[in-house]
Structure formats: C-alpha cells, structure tokens
Amino acid sequence: PSVDITATGQSVQATGASVTISGQAESVTAAGARVHVDADIDGDVWLGGADVVFEGTSGGRLAAAGARLALTGQAQSLWAAGGNLELSAEIAGNARVGGAHVVIGPESRIGGSLTAGGATVTVDGQVMSRVDLAGGSVAFNGRTDGTLSVAAERLVLGPEAVVGGDLVLLDDTALESSETATIGGATRRESSSAWWQPRIDPRPGQFGFAMFAAGTAILAGLGLMLVGRGSYEQAAIELRSRPLSSVLIGLAVVILAPLL
C-alpha cells in the first residue's frame, strides 16, 4: 500500500510500496519501494528503499541506503550507500557516501570532511575539510580547503578544481589535470601501506564492499524495526547479537516492504 503522512511533531515510522512524508517530525524512519521525504525533522532520519528522495532538513544524522538516492536539503551529517547516489545538499559536518556511481553536485556544501567511494565518483561541490576518494574513475572539479587524497585507476582534475591543501595519490593512480586547476600544497604519491592508516582502504573493491556492508546495516535496522515491529533499542540489540541474520533481514526489507 501507499503511505502519505503529514507529520505534526511526532516521530514517524512508516513502510509501504510508496512512502511520502511531509510536515514536521521529531525523527523519521521509513522503508519502501519508493520513499520521498520533504519534512523538517529535529533529529535523525533513516531511509531505505529502491528509490529514495530526501528534500527536507534534518537536525541530526541523515542515513540512507537504496538502489537510487537523490539527496538534497540539509542535515548535520550524512551516511549513504546505494547503486546511484546524487547529492546536492548542505551537510554541516562529515559526509560518508558510497555506491556504484556517486555524484556530489555543485550545489553541495559539506562543512566537515568527505569520504566517497564507487566505480565512478564525481565531486563538483565544496568541502571545508579534507576529501578522501576511492574508485575506478574519479573526477574532481569542486573545492576543498583541506587535502585531497585519491585512490583510483584515474583522477581527473577539472578546470575549476581548487585544492587548498596537498594532493595525495596512490602510487598507481593516473592523473589528468586541467591547466587551470589549483593546488595550494604539494602533490605527492604514497604507497598502499601508507594509505591503510588512518584514512580509507586504498583498494576500491574493498572500500566499496565496506560501504555496501554498512549499507546493509542501515537496512538491517529498518528491517528489524519495521518487519519485527521492534524499537530502536531492540533493533540495536538484535544487530549486535545476530549480525548475519540481521544483515539478511536488511537486504530483504526493500523487497518485502511493498508487501507489508
């Protein structure tokens, strides 16, 4: 069934073939084949589905997992994993994203750091702190006030790219740089062992798998709460005590949600 909710200050938990949430809410947890949230939310937002659209504001963490993610609006921090992920939002703190194809649009503003991984990663937005990217093909045409670290088969620095700090490349990352790209610090290469700590796993496959696993954890929490009708606390306890079955429930929730 389709679910259309206009919240009036309460916490919202919803599942359905199509879930639409608007109004003002304390927190939101939703799953379905299609999830659309355009609401002012005081706390955290947890979303899972085949097609997830967020256009609201979150005073806490925005966490989303799905086949296609389109995220705009505002949030304090972001964690998202999906097949195709498009971000055009203002994130006050850190953003951690992963997917097959990741696009950080020119309207994106990230007040903290950005970590992103995928088969293709495109960054056109602004990041106030460091940026760590991993992927097959990475394109950076945005701005970072910190260091840009990249582990990829190829990095393309566009004509409007601005790197306030150093540009750090994994030793076999090919670099194509526009003549007008600006790098404030040094350009250097590091070995895989140097990348292991404290930043991201330099191997795109490993990084992508880690993001996928964490994405299933998001869906696991949704599945345990919505399928099992439990509380946040019960979901957390189940996830810790039975991680394998929890992840399987998480993977199934997108398929099962339209039938609930």
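Residue numbers start at 1 and run along the sequence shown. Computed from a prediction, not measured in an experiment: that's the story for all the values here.
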query = So how far is it from Leu170 CG to Glu153 CD, rounded to the nearest 0.5 Å?
reply = 11.5 Å
request  = Answer with yes or no whether the side chains of Ser178 and Thr180 bring together a donor and an acceptor at under 3.5 Å.
outcome  = yes
task = Mind running side-chain contact (heavy atoms from CB on, under 4.5 Å) on Asn84 and Val102 for me, showing each step along the way?
result = CA-CA 6 Å; Asn84 294 305; Val102 176; over 6 Å; no
What donor-acceptor contacts under 3.5 angstrom involve side-chain atoms of residues 88-95, with partners at least two apart or in another chain?
{"unit_1": "Asn94", "atom_1": "OD1", "unit_2": "Ser113", "atom_2": "N", "d": "2.8"}
{"unit_1": "Asn94", "atom_1": "OD1", "unit_2": "Ser113", "atom_2": "OG", "d": "3.2"}

request  = Show your working on side-chain contact (heavy atoms from CB on, under 4.5 Å) between Val97 and Leu78 and close with a plain yes or no.
outcome  = CA-CA 8 Å; Val97 300; Leu78 172 67; 3.7 Å; yes
message = If I compare all heavy atoms of Thr15 with all of Val19, which pair ends up nearest, and what's the gap?
response = C-CG2, 3.7 Å
request  = Apply salt bridge (charged side-chain N to carboxylate O under 4.0 Å, His left out) to Asp145 and list each qualifying residue two or more places apart in sequence or on a separate chain.
outcome  = Arg143
ask   = So which heavy atom on Gly112 is nearest to which on Val127, and how close?
value = O-CG1, 3.3 Å
task = Would you kindly confirm whether Val131 and Val163 end up in one hydrophobic cluster when ILVMFWY residues are joined by side chain heavy atoms under 4.5 Å apart?
result = yes
key: Reported CD1-to-CZ distance for the pair Ile104 and Arg109, which is rounded to 0.5 angstrom   = 12.5 Å
ask   = Backbone N or O of Asp42 within a donor-acceptor pair of the Ser27 side chain at under 3.5 Å?
value = no
ask   = Just checking, is any N or O donor in the side chain of Ser149 or Arg130 under 3.5 Å from an acceptor N or O on the other one?
value = yes
remark   = Between Ala80 and Leu71, the two heavy atoms sitting closest are CB-CD1, 4.0 Å
message = Among Val150, Leu155, Leu133, exactly one meets side chain to side chain contact (heavy atoms under 4.5 Å, CB included) together with Val121. Which residue is that?
response = Leu133
message = Within the structure provided, determine whether Leu169 and Leu167 are in side-chain contact (heavy-atom separation under 4.5 Å).
response = yes
request  = For Gln10 and Thr8, indicate whether the former's side chain and the latter's backbone hold a donor-acceptor pair under 3.5 Å.
outcome  = yes
Verdict with reasoning, Leu114 to Val123, per side-chain contact (heavy atoms from CB on, under 4.5 Å) = CA-CA 10 Å; Leu114 168 66; Val123 179; 4.2 Å; yes
message = So does Val162 get a backbone contact from the side chain of Thr182, meaning a donor-acceptor N/O pair under 3.5 Å?
response = no
task = Check whether any side-chain N or O of Asn141 sits under 3.5 Å from a backbone N or O of Glu160 as a donor-acceptor pair, and report yes or no.
result = yes
key: Short side-chain to backbone donor-acceptor contact, Thr6 and Ser22, under 3.5 Å   = no
inquiry  = Is it true that, when you exclude Glu107 itself, more than 12 heavy atoms of the residues, nucleotides or ligands shown sit nearer than 6.0 Å to its CD?
reply    = no
Identify each donor-acceptor pair in which a side-chain atom of residues 47-62 lies under 3.5 Å from a protein atom, sequence neighbours left out, and give them as a table.
{"unit_1": "Asp51", "atom_1": "OD1", "unit_2": "Arg68", "atom_2": "NE", "d": "3.1"}
{"unit_1": "Asp51", "atom_1": "OD1", "unit_2": "Arg68", "atom_2": "NH2", "d": "2.8"}
{"unit_1": "Glu55", "atom_1": "OE1", "unit_2": "His36", "atom_2": "NE2", "d": "2.6"}
{"unit_1": "Thr57", "atom_1": "OG1", "unit_2": "Asp40", "atom_2": "OD1", "d": "2.9"}
{"unit_1": "Ser58", "atom_1": "OG", "unit_2": "Gly43", "atom_2": "O", "d": "2.8"}
{"unit_1": "Ser58", "atom_1": "OG", "unit_2": "Gly60", "atom_2": "N", "d": "3.2"}
{"unit_1": "Ser58", "atom_1": "OG", "unit_2": "Gly60", "atom_2": "O", "d": "3.3"}

query = Given the rule that I, L, V, M, F, W and Y join up when any side-chain heavy atoms are under 4.5 Å apart, are Val138 and Ile183 in one cluster?
reply = yes
ask   = Same cluster for Met128 and Ile110 if Ile/Leu/Val/Met/Phe/Trp/Tyr side chains link at under 4.5 Å?
value = no
ask   = More than 12 foreign heavy atoms under 6.0 Å from CD of Gln76: is that the case here?
value = yes
remark   = dist Leu175:CG -> Leu157:CG (nearest 0.5 Å) comes out at 5.5 Å
request  = Measure the spacing between OG1 of Thr20 and CG of Asp4 and express it to the nearest 0.5 Å.
outcome  = 5.0 Å
OG1 on Thr72 to CG on Leu87, rounded to 0.5 Å = 9.0 Å
ask   = Would Asp132 and Leu148 satisfy side-chain contact (heavy atoms from CB on, under 4.5 Å), going step by step from the backbone distance to the final call?
value = CA-CA 6 Å; Asp132 293 298; Leu148 171 62; over 6 Å; no
For Ser18, side chain to side chain donor-acceptor pair (under 3.5 Å) partners two or more places apart = none
message = Do Leu69 and Val37 sit in one hydrophobic cluster, given that two such residues count as connected whenever their side-chain heavy atoms are within less than 4.5 Å of each other, even indirectly?
response = yes
inquiry  = I need the minimum non-hydrogen distance between Val45 and Ile41, along with the two atoms involved.
reply    = CG2-CD1, 3.4 Å
query = Can Val156 be reached from Val168 by stepping across I, L, V, M, F, W or Y side chains whose heavy atoms are under 4.5 Å apart?
reply = no
inquiry  = Just to verify, what does Arg154 make a salt bridge (charged side-chain N to carboxylate O under 4.0 Å, His left out) with, not counting sequence neighbours?
reply    = Glu176
request  = Quick one: list whatever passes side chain to side chain contact (heavy atoms under 4.5 Å, CB included) with Pro106, sequence neighbours left out.
outcome  = Asp124
